[in-house]
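First the structure, in the form of structure tokens, and then the observations on it.
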Amino acid sequence: MKTKLPELVRQAKQGDAFAFARLYEEIYKDLYRFAYYNVKNIHTAEDVVSDSVLNAYENIHKLRKNESFRSWMFQIVANECKRQFRLQSKTVPYETDVVQDSPQLAADPTDRLAIRQAFDLLNEQERLIVGLSLFGGYSGKEISHFLRKKENTVRSIKSRALDKMKHILEVSDDD
């Protein structure tokens, strides 16, 4: 019988590392994909997820609602991505990896190079909102809560970002 996620969270809060590992196993691909699309680098995405998981493990006792584990993890990853953006802006710009170099992402149909390039042209906030929506599966209401923005603002940013990507993809198809 499969243990329910809130029960695993409860066990993890009590210090059960195996329960935390099972929780992580349920969402690691989504966390990695979300980080990768935001930081644009395979190794940095791995570092973001690794740092986020360590942070979550050390602070799981602070999680108020056991049912919110998934959204809590995405919030931690989103914050770590923001931290990486701040660090990157203070250092030499990094080179973007080609999507096909990532075996973890190669099988995903959304990883076509054109889509990846269109996503890369979004600004940080647009990538975060689109990423949380598409990769995390979060609603506009949930994203607005994470980012402390009005729900209509999040919907508007997401809509404009998707329109921008659509336009970029249409232009690239014309070439």
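We're numbering straight along the sequence, starting at 1.
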How long is the gap from CG on L128 to CD1 on I157, to the nearest 0.5 Å?
10.0 Å

List the residues meeting side chain to side chain donor-acceptor pair (under 3.5 Å) with S156, not counting sequence neighbours, and say none if there are none.
R160

Under 3.5 Å, is there a donor-acceptor pair between the side chain of K13 and the main chain of L8?
no

Can you give me the closest heavy-atom contact between I143 and S133, atom names plus distance?
CD1-N, 3.7 Å

Using modelled atom types only, decide if a donor and an acceptor are shared between the side chain of S50 and the backbone of E46 within a distance under 3.5 Å.
no

Do any N or O atoms from the side chain of T44 and from the backbone of N41 form a donor-acceptor pair under 3.5 angstrom?
no

Test of understanding: with side chain to side chain donor-acceptor pair (under 3.5 Å), list the residues that count as partners of Q125, not counting sequence neighbours.
none

Kindly indicate whether the side chain of V49, heavy atoms from C-beta on, has any atom under 4.5 Å from the side chain of E80.
no

In Å and rounded to the nearest 0.5 Å, what is the CG to CG distance from L132 to N38?
7.5 Å

Do you know the tightest heavy-atom contact between F20 and F69?
CE1-CE1, 4.1 Å

What is the minimum heavy-atom distance between V154 and G140, and which atoms define it?
CG1-O, 4.0 Å

Are any side-chain N or O atoms of Y32 and backbone N or O atoms of A45, one a donor and one an acceptor, separated by less than 3.5 Å?
no

Measure the shortest side-chain to side-chain distance between I60 and W72 over non-hydrogen atoms and say whether it is less than 4.5 angstrom.
yes

Set of residues satisfying side-chain contact (heavy atoms from CB on, under 4.5 Å) with respect to A118, sequence neighbours excluded
M165, I168, L169

By side chain to side chain donor-acceptor pair (under 3.5 Å), which residues pair with K164, not counting sequence neighbours?
E126

Partner set under side chain to side chain donor-acceptor pair (under 3.5 Å) for D163, not counting sequence neighbours:
none

Residues two or more places apart in sequence or in another chain: which of them pass ring pair (Phe, Tyr, Trp, His ring centres under 6.0 Å) with F34?
F74

To the nearest 0.5 Å, atom CG of D51 lies from atom CZ of R83 at 6.0 Å

Partners passing side-chain contact (heavy atoms from CB on, under 4.5 Å) against D16 (at least two apart in sequence or in another chain)
Q11, F18, A19

So, N59 versus N55: side-chain donor-acceptor pair below 3.5 Å or not?
yes

Sequence neighbours excluded - salt bridge (Lys or Arg N to Asp or Glu O under 4.0 Å) pairs with any residue from residues 58-75
D30-R70

Which residues satisfy the side-chain contact (heavy atoms from CB on, under 4.5 Å) test with Y28, sequence neighbours excluded?
Y24

For the hydrophobic clusters of this structure (ILVMFWY residues joined by side-chain heavy atoms under 4.5 Å, transitively), does one cluster hold both L54 and V77?
no

Minimum heavy-atom distance between V48 and C81, given as atom pair plus value
CG1-SG, 3.9 Å

Qualifying salt bridge (Lys or Arg N to Asp or Glu O under 4.0 Å) pairs, either residue in residues 135-155, two or more places apart:
E151-R155

Salt bridge (Lys or Arg N to Asp or Glu O under 4.0 Å) involving R127 - partner list, sequence neighbours excluded
none

By side-chain contact (heavy atoms from CB on, under 4.5 Å), R10 pairs with (sequence neighbours left out) E7, Q14, N66

Around atom NZ of K82, are there more than 12 heavy atoms of other residues, nucleotides or ligands at under 6.0 Å?
yes

If I take atom CG from residue L5 and atom OG from residue S68, how far apart are they, to the nearest 0.5 angstrom?
11.5 Å

Gap between atom OG of S139 and atom NE2 of H145 - 0.5 Å precision:
11.0 Å

Would you give the length of the straight line joining atom CG of L31 to atom CE of M73, rounded to the nearest 0.5 angstrom?
5.0 Å

